[in-house]
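Worksheet: the structure to be examined is printed underneath.
Not measured: the values here are computed from a predicted model.
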Amino acid sequence: MTEPTYLTAVRESYDTVAAAYARRVPEPAALDPVSRAMLAAFAELARPLGPVADLGCGPGKVTAHLAALGVRAFGVDLSPRMVELARAAHPELLFTTGSMTALDLADGELGGILAYYATHHTPPGHLPAVFAEFRRVLAPGGVLMLAGHVGEGEELNPTRAYGDHPVSYASYLLPPDRIAELLEEAGLVITTRLVQEPEGGSKRRSATFLAGRTGG
């Protein structure tokens with residue numbers, strides 16, 4: 001099967017910027033208090049449920065943060081270079097290369113999924129399949145935390161990022177209500193929705209969702 005072009009662009013772009021990205025992205029302990037609290041709440045909810053996949057884990061900083069909170073966390077990223085950096089920084093944790101569009105996991109294998117600023121490069125038309133894959137690998141009662149920047153449907157097409165390296169991915173900033181609809185259409189029940197207005201150096205709103213899988 002031919003890989004969608006957006007996945008190729010994301011992989012190649014993050015392979016290119018990986019080292020600069022790892023230097024620039026803050027440690028979870030340096031996040032704002034609300035973001036830290038949401039990660040802590042997710043950890044508390046997911047901890048007793050089973051293993052947790054940090055999808056789009058990048059250099060593994062958030063994966064390691066979850067592990068420090070007692071979560072059986074492992075990381076998955078599309079970029080082989082990001083996975084190399086994550087393994088080097090956190091050799092005690094498992095990191096694998098893979099796509100959230102087709103996870104190498106059994107049905108119902110996970111107690112939790114974290115998608116932390118990880119789905120915004122997915123074209124909106126592909127999100128239903130991604131969210132259906134999230135539901136597939138979550139166990140009944142499992143919990144998803146999805147967080148990312150939101151907007152009014154903008155598509156951003158930067159040519160350079162993270163240390164002025166060339167990139168070819170696009171970013172899609174959907175309204176929070178649309179993200180909620182797509183999650184619910186995939187069979188996930190939203191329990192918490194938080195929208196944060198821009199503050200500090202940020203120019204964009206962000207939204208965090210906690211959602212659960214019910215039924216079989």
- Tyr6 vs His121, ring pair (Phe, Tyr, Trp, His ring centres under 6.0 Å): CA-CA, chis, key distance, verdict: CA-CA 8 Å; Tyr6 83 90; His121 295 308; 9.3 Å; no

Considering residues at least two apart in sequence or located in another chain, which fulfil the ring pair (Phe, Tyr, Trp, His ring centres under 6.0 Å) criterion with [X]?
| X | answer |
| --- | --- |
| Tyr116 | none |
| Tyr21 | Tyr14, Tyr162 |
| His165 | none |

Any carboxylate oxygen within less than 4.0 angstrom of a Lys/Arg side-chain nitrogen, looking at [X] and [Y]?
| X | Y | result |
| --- | --- | --- |
| Glu84 | Arg81 | yes |
| Glu152 | Arg178 | no |
| Arg193 | Asp177 | yes |

- Aromatic ring proximity His120/Tyr172, centre distance under 6.0 Å: no

Side-chain touch [X]/[Y], heavy atoms, less than 4.5 angstrom:
| X | Y | answer |
| --- | --- | --- |
| Val195 | Ser206 | no |
| Thr101 | Glu133 | no |
| Asp54 | Val76 | no |

Please list, chain by chain and in numerical order, all residues satisfying side chain to side chain donor-acceptor pair (under 3.5 Å) with [X], sequence neighbours excluded.
| X | result |
| --- | --- |
| Glu12 | none |
| Thr119 | none |
| Arg24 | none |

- Task: Apply side chain to side chain contact (heavy atoms under 4.5 Å, CB included) to Leu210 and Leu144, showing your working.
- Result: CA-CA 6 Å; Leu210 294 176; Leu144 163 71; over 6 Å; no

- Message: Please evaluate residues Leu146 and Thr208 with respect to the criterion side chain to side chain contact (heavy atoms under 4.5 Å, CB included), reporting the C-alpha separation (whole Å), side-chain torsions for both, the decisive distance (0.1 Å), and the verdict.
- Response: CA-CA 6 Å; Leu146 185 150; Thr208 302; over 6 Å; no

- Are Arg87 and Leu94 close enough, and set up right, to give a side chain to side chain contact (heavy atoms under 4.5 Å, CB included), and what steps lead you there? CA-CA 7 Å; Arg87 288 171 175 169; Leu94 173 66; 5.9 Å; no

- Query: Should Ile113 and Phe74 be regarded as members of a common hydrophobic cluster, given that ILVMFWY residues are connected when their side-chain heavy atoms come within less than 4.5 Å of each other, either directly or indirectly?
  - Reply: yes

